[in-house]
Amino acid sequence: MAENGVAGTIAMQRQQFRAARVSIFGSILLFLLVAAVGITVDSITLILDASSSLVILATAFLMRFSVSKIHRPPDDLYHFGYHKYEPLTATIQNLLIIATCVVSIKFAVQDIVHAEDVHSYGLPMVATFVSGIIGLFITGYLRRTARVTDSQMVKTTSIHWLADTALSFGVCAGFCLGFLMQTLGYDTITPYIDPVMAIILAVFLMFMPIKGGMHSLFELLDASPAADVSGKINEVIDRYRHKFSGIDRLRIRKAGLKLFVDICFLVGQDCTVAQVGALADGFEREVKEEIPDSDIVVCFKPERA
């Protein structure tokens, strides 16, 4: 059983490393492609798209570093292990994408005040369409990896790639609209399409990291896990209800994939060491059947007369 657990951890770690590498190489490719075109045609929207890829690149390196940490066993410095690196990494990922959007809105507003049309629409349309197609494949791969590994970091990265892919296709549609308007002779409107489109997409992009960031932040602050997790613990407690008199303390917290359960049972004065030992072993076994990657501390107090 222990060997299977170690093998599973190694396999999961390899999948997470592979996901980080795919995200790194993909974001470098898209950044170089979109940034080059954005600078060429002087498009603030393309600069936003490119900066989003740059943020994904930074967070991919951070994810790779965190993967090497979270699977380490507890030591003298970190008694509970390194599992908090996962929600910490996810929080930083979300904060970076929000910061990118805020800065992009600032430059877009500046572009509206000093309106200037992009130099060309054809090249940006092709670049953003290719960027979107590449993003679709990477998003699909990361989402599959996130389901297999149940990794919050990989899931957050897949959400960023999904947002970046939506951004690319949205920008492509916007440039198509600009090209059409320019062809029809509406030259006074086209300078505003690029910055307005950047603002709309930046606001849209901020919603997902804000929502995901709250979840990661709750883990960092040791908030009680979601109802589906705590509900499983309570179900196990109910199955053992006839073996103890009450509960003096129940504390549950989650750090990445790791669940920590600290419970203190109240038992009768006549309860033997063998009985409380059997209760502790059975409770720990059943919790780990429900949530395999869990760390459980069980203690007992005699019931007050």
Inset, instruction - Hey, could you give me the CG/OG1 distance between L62 and T157, rounded to the nearest 0.5 Å? - result: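 One gets 9.0 Å once the value is rounded to the nearest 0.5 Å.
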Legend entry - Gap separating the OG atom of S158 from the CD1 atom of I138, nearest 0.5 angstrom: 12.0 Å
Inset, instruction - Name all residues meeting the side-chain hydrogen bond (donor to acceptor under 3.5 Å, both in side chains) criterion together with E286; count only those two or more places apart in sequence or in a different chain, and write none if there are none. - result: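 Listed in chain order: R239, Y240.
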Legend entry - Enclosure of F169 CZ (heavy-atom neighbours >12, cutoff 6.0 Å): yes
All ring pair (Phe, Tyr, Trp, His ring centres under 6.0 Å) counterparts of [X], not counting sequence neighbours:
X	value
F80	F260
F17	none
F129	none
F31	none

Inset, instruction - Answer with yes or no whether the hydrophobic clustering places F61 together with V22; edges join I, L, V, M, F, W, Y residues whose side-chain heavy atoms lie under 4.5 Å apart. - result: no
Any [X] side-chain heavy atom under 4.5 Å of [Y] side chain:
X	Y	result
Q15	V148	yes
W161	S27	yes
K301	V267	no
Q269	P302	yes
I252	D262	no
I291	I233	yes

Legend entry - Any donor-acceptor pair under 3.5 Å from S131 side chain to A127 backbone: no
Inset, instruction - List the steps, then state whether side chain to side chain contact (heavy atoms under 4.5 Å, CB included) holds for V154 with M63. - result: CA-CA 8 Å; V154 179; M63 180 173 72; 4.1 Å; yes
Legend entry - SB check D222 K84 (cutoff 4.0 Å): yes
Legend entry - Worked verdict on R249 versus I263 for side chain to side chain contact (heavy atoms under 4.5 Å, CB included): CA-CA 5 Å; R249 180 182 68 247; I263 188 167; over 6 Å; no
Inset, instruction - Measure across S23 and I56 and return the closest heavy-atom pair with its distance rounded to 0.1 Å. - result: OG-CG2, 3.4 Å
Legend entry - Within residues 261-299 or reaching into it, pairs that qualify as ring pair (Phe, Tyr, Trp, His ring centres under 6.0 Å) - sequence neighbours excluded: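 Applying ring pair (Phe, Tyr, Trp, His ring centres under 6.0 Å) to every pair that reaches into residues 261-299, excluding sequence neighbours, yields F244-F265, F265-F283, F265-F300.
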